[in-house]
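Written out below as structure tokens is the structure these notes cover.
Everything numeric here is computed off the predicted structure, so don't read it as measured data. One-based numbering, in listed order, for ligands and for the atoms of each.
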Amino acid sequence: MLAYDTLSRKEITLELDPDAVIKVFVCGPTVQDSFHLGHARTYTFFDSVVKYLRLKGYSVFYLQNITDIDDKIINRANEENVPYDVISKRYTEEYMDIMKTLKIDSVNFYAMATRHISEIIQQIRVLVERDLAYETSDGVYFSVAKFPDYGKLSGQDLESLRIGARVESTEEKRDPRDFVIWKKMKPGEPYWESPWGRGRPGWHIEDTAITEKYFGPTYDIHGGGTDLIFPHHEAEIAQERSISGQPYLARYWIHSAMLNVNEEKMSKSLKNYITIRSVLNDYLPEELRYALLNVQFRTTVSFSHELMNEARANLSTINTIYRKLKLKIGPSKSLNENPAIAKLSERMDSNFDFRLLFRDLLEYIGKWNTHIEDLGDREAAIAIETIEWVDSFTGILPAKKGDFTGEELVGFLLKLRRTMREKKDFAGADEIRKNLRGMGITIEDRGEETIWWRE
Ligand code: AMP
């Protein structure tokens, strides 16, 4: 499987151990405000990548952090005159809710920064003890000059970074490139106790404290949007490698490009954002997923209604054919060989190219559609299996509503029957069994479960 690795600046083969747990970390959001389409792009992409890896048989542990303490959260709390965690809780809930709506359900664990303060302090302590970080009157800073590889991920050298660095107001900061890992509290701010006084963690250190806790000093894939390459991911590498002494933090770095508005990154701070919720008033989650995946992940994209309408039209074609095929041959069968899936896998194995995956799928669909009436059983089964295979990691089919095989309906009737039995309405429950049998469906109770099959 080939993928573009930011650090090596080229497509490389991902060598993932099929017998090990593949550790994937993607930077989660700062929970300060509603979530916009930029977030939807990044998280849909990584959701589909992880699902694809799992489909290929890898066992993936997908970890995300949640930045639930940060200057922006504090500012927002001050604006609303509420404690900071009213804001962080409100937007964490909103994030979880929106992820569910977008069918982003591949993350194994969300780690909140504020629940990892002791791990964060421990990392800072090691850095200070080794003289790789130092204390000032307003915090603790990491000494960039002491980590010679700083800049490698973003392709900059230390010297040019020094020239380019903005000199900040604090006199005690020894080098303008140094970054803060602990911020001392100002009056009224939330705080945690630490060896350097009351304060809160800097942004970069929360991620390494979290990944070290769950993954150890190194792991397989680190992902995020391209906006995080510098300084965030650069800083993560510097911190963790300085602590662990390992030659790398993540083996592979995958960054997805930005979603822009008029050539500018869509962002909360620029106030040019369109929320996911507002788009979902007009479009289905599946349409949004399709539109966002339908751009090669390294290409920036501008949001537009044309993009969404194209997604709607293509999905409508895919859905119509899928339903027709389902009506024709009923439930899916598992095939030993599926040439369409073999071909489409090549698209995914070549830099997760969802755009070409969808394009090729539509080509197949066009072919199947031209002779749908006389498609043989095997060809129809191939078509159904292919569409379901693509859906299993892209999440583009509507949530089974259009499924005419009746599987959902049978499931519903069985649930109803169970409730009736619990209420001792055995006559009603038997009626359901009899009627199902009349339709050729046999059911059998096995303990807690009821299984069914077609005669
Ligand atoms: P933030 O909430 O800004 O910390 O960002 C959380 C995640 O969303 C990061 O992985 C960012 O790279 C990603 N992200 C933020 N803005 C955009 C955007 N305009 N386009 C794509 N991804 C974005």
Side-chain donor-acceptor distances from residues 16-27 under 3.5 Å, at least two apart:
unit_1 : atom_1 : unit_2 : atom_2 : d
Asp17  : OD1    : Asp19  : N      : 2.8
Lys23  : NZ     : Phe215 : O      : 3.2

For a quick check: using heavy atoms under 4.0 Å, what are the residues in contact with ligand 1, sorted by chain and number?
Cys27, Gly28, Pro29, Thr30, His36, Gly38, His39, Thr42, Tyr43, Gly224, Gly225, Asp227, Leu228, Ala257, Met258, Leu259, Lys265, Met266, Lys268
Please work out which of the three classes, parallel, tilted or perpendicular, describes the rings of His116 and Tyr214, given edges at 30° and 60°.
perpendicular
Among Thr67, Ile73, Asp70, the one residue meeting side chain to side chain contact (heavy atoms under 4.5 Å, CB included) with Val31:
Ile73
Whether Tyr141 and Tyr134 hold their rings parallel, tilted or perpendicular, with breakpoints at 30° and 60°:
parallel
So, taking the atom named CG in Asn281 and the one named OG1 in Thr275, what distance separates them when rounded to the nearest 0.5 Å?
7.5 Å
Spacing of Lys268 atom NZ and His36 atom NE2 [to the nearest 0.5 Å]
6.0 Å
